[in-house]
Amino acid sequence: MTEQRADLARITLSVLFIGGLIAGSLWILSPFLGAFVWATMIVVATWPLMAASSAPAGDAGRPRSP
């Protein structure tokens, strides 16, 4: 019986800790959410233009990863 209580306490504290981490992350990132939305809109809107302009260059037009 005490083993089940220890497991329940561990699970409850783990869920609360992870929830606190998620809430803290969202609180810190909240000033930047507007910028993320604008950046996403710009990328989605200009992706076809970028794809069309880099197609003639073939593989040379794509950035290389380090």
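Side chains included, hydrogens not; waters and symmetry mates left out as well; all remaining heavy atoms used.
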Exercise for the section: Tell me whether Leu33 is reachable from Leu26 by hopping between hydrophobic residues (I, L, V, M, F, W, Y) whose side-chain heavy atoms are closer than 4.5 Å. Expected result: no
Exercise for the section: Mind checking the CG-CD1 spacing from Leu16 to Ile11? Nearest 0.5 Å is all I need. Expected result: 12.0 Å
Problem - Same apolar cluster (I L V M F W Y, side chains within < 4.5 Å links), Trp27/Ile18 - result: no
Exercise for the section: Apply side-chain contact (heavy atoms from CB on, under 4.5 Å) to Trp47 and Val43, showing your working. Expected result: CA-CA 6 Å; Trp47 192 268; Val43 165; 4.1 Å; yes
